[in-house]
Amino acid sequence: MSAHDPKRLLSPPSDATALERALLRQAVGTIDPPSGAEDAILATLLTRLPPPTTPPSGGATGSPTGAVGAKAVGLAGLAKGAGALVAVTTIAVGALSVGRGWDAGRAVPAGATSAAIVAASASSPVALQTAPPVDAPSTAVPGTSSETAEGRPTPLRASVADRANGRQSTTRASGAPHALAVPAATSATAVTPVTASKGSVAEPSSPGPAYPESTGSTATANIGGPPNASDTASARPLPPTALAEEAKLLADAQRSLQRGDASSALETLARARAAHPNGMLGQEREALTIEALFRSGQRATASAAAEAFMKAHPDSPLAARVRTLAGH
Amino acid sequence: MTFLEVYREHFRFVWRSLRRLGVRESDTADAVQDVFLVVHRRLPEFEGRAKMTTWLFGICTNVAIARRRLAHVRREISSEDALLPEDLCDASTDAAAHVERSQALSLLDHVLDQMSVEQRAVFVMFEVEEMSGDEIAELLDIPRGTVHSRLRLARESFRGSVSRIQERERFRAGMGAK
C-alpha cells in the first residue's frame with residue numbers, strides 16, 4: 001500500500017464496523033479458480049473455437065522443429081461429435097501439460113490435471129446439456145468498437161449431439177454445476193472417484209471402437225459438481241476429428257516415451273507432423289520430439305531443435321521444459 | 001503469443017478478474033469461456049500497445065457487465081431477502097457454519113452488487129486482495145486518482161448497504177419482540 005492510499009477497511013485502525021469486517025473477510029480466498037478448472041474449461045472452450053480461416057501450408061513438414069501452429073488456433077471440423085471431447089479432454093489433461101512437470105514414470109504427465117474423472121452409468125456414451133440460451137455478451141475490447149461474443153452463449157455443459165447438429169439443447173440439469181462429460185475411451189475405462197487427485201485421467205482408447213455405440217461407461221470431467229446420469233442418455237458417437245487424431249498420435253508418442261521406446265515415439269511424432277503440419281498441438285508435438293531425440297541419443301539434433309524451439313517460442317510455457325531437456 | 005499460450009498464462013488472471021468484477025462463482029467458468037472466445041478472435045489485432053493483462057481485464061469487464069444484465073445470473077437474493085447470518089464473525093467448521101458462510105457470501109454479493117463493476121473491481125482489489133492503489137492503476141491502466149475515486153464511491157456504497165441491512169435487521173428484531 002502506498003502512502004497515498006487510504007487505510008484498508010480490514011486494517012486495525014480503520015473505523016469499519018464488525019459486520020463490515022466480517023463480510024470482507026468472507027471474500028478473502030473466494031476468487032481463485034478451483035482445482036482442475038483450467039483444464040476442464042479449456043476442453044470445452046476448444047470445442048467452441050471456429051475452424052481456421054487459412055488452409056494449412058504444410059511448410060514445416062519433415063522438420064523436427066517445424067511449424068508449431070503459431071496461428072493455428074482454430075479447430076477444423078472439431079464440433080463433429082463425441083470424439084472431439086475425448087480428444088480435447090486428453091489434450092487438456094495430457095498433451096497440453098507438457099510444460100507443467102512431466103513425470104515419465106506416470107501414466108500421464110504429472111500435474112496434468114486435477115479434473116476429476118468420474119463414471120456415470122448410462123448406456124449411451126455421451127450427453128451433455130447446455131445452459132439455456134442467453135444474450136451474447138457485449139464484449140467490446142478496449143480501444144475498439146463494441147462487439148458481440150461468439151454466437152453461442154456460454155455453456156460449459158453442452159450436448160455433443162447438439163453440437164454436431166448445430167443446435168443447442170434446452171435444458172440444464174439443476175444442481176449439477178458445470179459438469180463436462182466425455183465418453184469413456186472403452187467400456188473398460190476405470191472408474192475413478194470424484195476426488196481423484198492429479199494425474200487421474202481418462203486415457204483415449206487404443207485401437208478399436210473408441211466410442212461404443214451402446215455399451216460402456218461415460219467418464220465425466222467434473223468441476224465441483226456431481227455426475228448426472230440424466231446427462232448421459234441421448235448423444236450418438238461420431239467419427240473422431242482431426243484434433244482427436246492429432247491428440248491420439250501425441251498420446252501414443254508419449255506412451256512410447258514412457259515405455260522407453262524413443263524410436264517409436266519419433267516415428268509417431270513424424271506421422272503427426274505429416275498429418276497435422278499446422279495442428280493445434282504443434283508446440284506440444286515439437287516438445288515431445290525434442291525429448292524423444294534426447295532419449296534416443298541424438299543429442300546434437302535435439303539440442304539444435306531445442307534452441308530453435310526456445311528462439312521461436314521464448315515465452316511458451318513449454319520453453320521451460322525444453323530448456324530443462326537441453327540442459328540450459 | 002499463441003492463443004493457447006495466452007490461455008495458459010492468463011487463465012488464473014481472467015478467472016480472478018471475473019470474480020473481482022462480480023461474476024458469480026457458479027457462472028465464472030462460462031464467463032471465462034466468453035472472455036477467451038473474444039481473445040481468440042481479437043488476438044491477431046492485439047498489438048501490444050497495452051499490457052496483455054490490461055487488455056484482458058477490459059474484455060473481462062465487458063463480459064462481466066453483459067452477464068450482470070442477464071436475468072438468470074442476477075443475484076439469488078433480493079435486498080428484501082438478504083438475511084443477516086447470525087454470529088457471522090464466529091463461524092466454525094461444522095455444517096451450520098457452512099450454511100452461515102454461504103449466507104454471508106450471498107449477503108456480500110448483494111452488497112457488492114450495489115456498486116458498478118468498475119467500482120467493485122477496485123474495491124475488491126484494494127480491500128480484499130490488498131493491492132496498492134498504484135498496482136491497481138497499473139493493472140487497469142487508469143490514473144491513481146481514478147482508483148481512489150472509484151474506491152471512495154465503492155466504500156460509500158458498501159457502507160451504505162451494510163448500514164441498511166443492519167437497520168432492517170434491527171427493525172425486524174424489534175417487530176419480533178413486540
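Atom set for the values below is all heavy atoms of this structure, side chains included, hydrogens, waters and symmetry mates excluded. Chain identifiers are assigned alphabetically (A, B, ...) following the order of the sequence lines, protein sequences preceding nucleic acid strands; residue numbering begins at 1 within each chain.
- In this structure, chain A has no heavy atom under 4.5 Å from any part of B/Phe46.
- Taking the salt bridge (charged side-chain N to carboxylate O under 4.0 Å, His left out) definition, one finds that B/Arg120 meets it with B/Asp109, B/Asp113, sequence neighbours left out.
- Under the 4.0 Å criterion applied to side-chain N and carboxylate O atoms, A/Asp15 and A/Lys7 are not assigned as salt-bridge partners.
- In this structure, A/Arg8 forms a cation-pi arrangement with B/Phe126, its terminal cationic atom sitting closer than 6.0 Å to the ring centre and no more than 45° off the ring axis.
- For B/Glu138, the CD atom sits in a loose shell: 12 or fewer heavy atoms of surrounding residues, nucleotides or ligands are nearer than 6.0 Å.
- Looking at B/Arg155, the atoms closer than 4.5 Å to chain A (heavy atoms on both sides) all sit in the side chain, from C-beta outward.
- Looking at B/Glu129, the atoms closer than 4.5 Å to chain A (heavy atoms on both sides) all sit in the side chain, from C-beta outward.
- Heavy-atom distances place the side chain of B/Leu151, and not its backbone, under 4.5 Å from chain A.
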